[in-house]
Chemist: 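Structure provided below as structure tokens; questions to follow.
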Amino acid sequence: MPAPTCASCHAARAALRRPRSGQALCGPCFCSAFEAEVLHTVVAGRLLPPGAVVAVGASGGKDSTVLAHVLRELAPRLDITLRLVAVDEGISGYRDAALAAVRRQAARWELPLTVVAYEDLFGGWTMDAVARSTAGTGRSRSCCTFCGVLRRRALEEGARLVGATHIVTGHNADDVAETVLMNFLRGDAARLARGGGLGSPGEGGALPRCRPLQFASQKEVVLYAHFRRLDYFSEECVYAPEAFRGHARDLLKLLEAARPTAALDLVHSAERLALAPAVQPPRPGACSRCGALASRALCQACALLDGLDRGRPRLAIGEREHRGGADVQGTRGRAQAAVQAAAAF
């Protein structure tokens, strides 16, 4: 059966059907529609005001590559200036190749690039060093916990270094939906309470950050990269296979097989979630060590680094993984059971 005519231009042959709507579009019309939707997200959400200097978290992967490309296309209409900020976590082999992709992108798009490294920011600690330090402690599977917290801090420092007023990251709808599922499975009310919206407004002196791709599915991000012939790095991080996020990702795939809008439904659920006053997180204060926004005496980054420096990484993340009276093994077990139940259904 021949491909249908594009539902937008009514001239070219359709190259794809959009995963959620089923609309048949040619490549150029799909890319134009994708860019228009990102523009609507930014404008309707008032995410990036005119004149903003925007630090784009550039990892070299598909999401940040697509985000940087789309924002570069939209920059004249939004009246914003872009700066690429890449974080070198210190993961041998993996990060070197990813940073090479970022440097190619920066050169091709003529965008300034700044690279900040964990080793320089965090007293010599790299992710490889963290992995060695946690080996045999029962926390070796929590590398992504360390990396997520430290990466957020590093991106903030890099953005300040380039004089940015806003930070954007390439989290798509699937990423956000996975995070919502993880927080439900952990019973993490505090993070559920903070999970809605398109980002954070910049409390306590932190730079505002947002997610312009939050309503774009991962499939469409990949399709956009394909039709725009974007060069990106696609290898998985060497520490990712042990991460708890993988269970949420598997569950989300099963849910999407039964309901294609499941990821976006979860994103909207997080926006509308209402929690009882008793479980609302306390108003954050300032970290006693670095001054960053913190809900306790030490911010997450300083607490993790303090535990590593004392040779006791278990203390640094123990509370996070045992919150709500459930240990991490129990949480993993519930996640696996949920995946099996969904598969059986």
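Here, residue 1 is the first one in the sequence, and each next residue gets the next number.
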Chemist: As an exercise, state the distance from CG of Leu39 to CG of Leu48, rounded to the nearest 0.5 Å.
Modeler: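 Atom-to-atom, Leu39:CG and Leu48:CG are 10.5 Å apart.
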Chemist: Using only atom types and a distance under 3.5 Å, with no angle test, would you say the side chain of Thr126 pairs donor to acceptor with the backbone of Ala129?
Modeler: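 It does hold such a pair.
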Chemist: Which pairs pass salt bridge (Lys or Arg N to Asp or Glu O under 4.0 Å) with one or both residues in residues 25-38, sequence neighbours excluded?
Modeler: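 Counting only pairs at least two positions apart or across chains, the salt bridge (Lys or Arg N to Asp or Glu O under 4.0 Å) contacts touching residues 25-38 are Arg18-Glu37, Glu35-Arg228.
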Chemist: Which atoms form the tightest heavy-atom contact between Leu25 and Phe30, and what is the distance?
Modeler: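 For Leu25 and Phe30, the tightest heavy-atom pair comes out as CD1-CA, 3.8 Å.
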Chemist: Once rounded to the nearest 0.5 Å, what's the spacing between atom CG of Leu266 and atom NE2 of His268?
Modeler: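 One gets 10.5 Å once the value is rounded to the nearest 0.5 Å.
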Chemist: Which residues pass the side-chain hydrogen bond (donor to acceptor under 3.5 Å, both in side chains) test with Arg13, sequence neighbours left out?
Modeler: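 Partners of Arg13 by the side-chain hydrogen bond (donor to acceptor under 3.5 Å, both in side chains) criterion come out as none, since no residue qualifies.
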Chemist: If you look at every heavy atom in Asp63 and Leu213, which pair is closest and at what distance?
Modeler: O-CD1, 3.7 Å
Chemist: Who are the salt bridge (charged side-chain N to carboxylate O under 4.0 Å, His left out) partners of Glu256, not counting sequence neighbours?
Modeler: none
Chemist: Donor-acceptor pair, distance only, cut-off 3.5 Å: does the side chain of Ser64 make one with the backbone of Ser59?
Modeler: yes
Chemist: Would you say that Val115 contacts Arg103 through its side chain, given a criterion of any heavy-atom pair below 4.5 Å between the two side chains?
Modeler: yes
Chemist: Quick check for you: to the nearest 0.5 Å, what is the distance between Ser288 atom OG and Leu298 atom CG?
Modeler: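 If we round to the nearest 0.5 Å, Ser288:OG and Leu298:CG are 4.5 Å apart.
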Chemist: Do Cys210 and His166 have side-chain heavy atoms sitting under 4.5 Å apart?
Modeler: no
Chemist: Salt bridge (Lys or Arg N to Asp or Glu O under 4.0 Å): which pairs involve residues 81-93, sequence neighbours left out?
Modeler: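 Non-adjacent pairs meeting salt bridge (Lys or Arg N to Asp or Glu O under 4.0 Å): Glu89-Arg95, Glu89-Arg151.
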Chemist: Closest heavy-atom contact between Ala240 and Cys144?
Modeler: CA-SG, 4.3 Å
Chemist: So does Asp175 get a backbone contact from the side chain of Arg245, meaning a donor-acceptor N/O pair under 3.5 Å?
Modeler: yes
Chemist: May I ask you to decide if Val53's main-chain N or O and Thr165's side chain share a donor-acceptor pair within less than 3.5 Å?
Modeler: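 Yes: the side chain of Thr165 pairs with the backbone of Val53.
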Chemist: Indicate yes or no: at least one non-hydrogen side-chain atom of Phe227 is less than 4.5 angstrom from one of Phe34.
Modeler: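 No, too far: nothing below the 4.5 Å cut-off.
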Chemist: Would you say the side chain of Gln214 lies within less than 4.5 Å of the side chain of Asn172, judging by non-hydrogen atoms?
Modeler: no
Chemist: Hey, what do you get for CZ (Arg310) to CG (Leu305), rounding to the nearest 0.5 Å?
Modeler: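 That separation rounds to 12.0 Å.
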Chemist: Looking at every heavy atom in both Leu99 and Ala86, which two are closest together, and how far apart are they?
Modeler: CD2-CB, 3.7 Å
Chemist: Mind checking whether Val56 and Val85 have side chains closer than 4.5 Å, heavy atoms only?
Modeler: no
Chemist: Does the side chain of Cys237 reach to within under 4.5 Å of the side chain of Met127, using non-hydrogen atoms?
Modeler: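 Result no, sub-4.5 Å side-chain heavy-atom pair not found.
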Chemist: Tell me if the aromatic rings of Tyr232 and His69 count as close, with their centers under 6.0 Å from one another.
Modeler: no
Chemist: Shortest non-hydrogen contact from Trp109 to Arg72?
Modeler: O-NE, 3.2 Å
Chemist: Strictly distance-based, threshold 3.5 Å: is any side-chain N or O of Arg209 a donor or acceptor partner for the main-chain N or O of Ile167?
Modeler: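 The answer is no, because no donor-acceptor pair under 3.5 Å joins these two groups.
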Chemist: Begin from the C-alpha positions of Asp174 and Arg249 and carry the test salt bridge (Lys or Arg N to Asp or Glu O under 4.0 Å) through to its verdict.
Modeler: CA-CA 8 Å; Asp174 295 60; Arg249 182 172 296 128; over 6 Å; no
Chemist: Between the side chains of Thr41 and Arg211, does any donor sit under 3.5 Å from an acceptor?
Modeler: no
Chemist: Tyr224 versus Val70: any side-chain heavy-atom pair under 4.5 Å?
Modeler: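 With C-beta onward as the side chain, the pair touches.
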Chemist: Honestly curious: do Leu113 and Ile80 fall in one hydrophobic cluster under the side-chain, below-4.5 Å linking rule?
Modeler: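 In one cluster: yes.
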Chemist: Considering only heavy atoms from C-beta outward, does the side chain of Val222 approach that of Val66 to under 4.5 Å?
Modeler: no
Chemist: If you round to the nearest 0.5 Å, how far is CG of Leu223 from NZ of Lys62?
Modeler: 12.0 Å
Chemist: Rounded to the nearest 0.5 Å, what separates atom CD in Gln300 from atom OG1 in Thr145?
Modeler: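 Rounded to the nearest 0.5 Å, the CD-OG1 separation comes out at 9.5 Å.
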Chemist: Would you please name every residue forming a salt bridge (charged side-chain N to carboxylate O under 4.0 Å, His left out) with Arg152, sequence neighbours left out?
Modeler: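 None.
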Chemist: Mind checking what makes salt bridge (charged side-chain N to carboxylate O under 4.0 Å, His left out) contact with Arg108, not counting sequence neighbours?
Modeler: Asp231
Chemist: For residues Cys26 and Cys6, report the shortest heavy-atom separation together with the two atoms involved.
Modeler: N-SG, 3.4 Å
Chemist: Step by step, work out the side-chain contact (heavy atoms from CB on, under 4.5 Å) result for Phe146 and Leu308.
Modeler: CA-CA 10 Å; Phe146 286 91; Leu308 290 168; 3.9 Å; yes
Chemist: Does the side-chain contact (heavy atoms from CB on, under 4.5 Å) test come out yes or no for Val87 and Leu150, once each step is laid out?
Modeler: CA-CA 10 Å; Val87 177; Leu150 298 181; over 6 Å; no
Chemist: Can you see whether Tyr239 engages Asp128 through a side-chain donor-acceptor pair at a distance of less than 3.5 angstrom?
Modeler: yes
Chemist: Cys147 vs Tyr118, test: side-chain contact (heavy atoms from CB on, under 4.5 Å). Steps then yes/no.
Modeler: CA-CA 9 Å; Cys147 195; Tyr118 281 12; 3.3 Å; yes
Chemist: Tell me, with the steps shown, if Arg153 and Phe122 meet side-chain contact (heavy atoms from CB on, under 4.5 Å).
Modeler: CA-CA 10 Å; Arg153 173 61 59 81; Phe122 305 130; 3.8 Å; yes
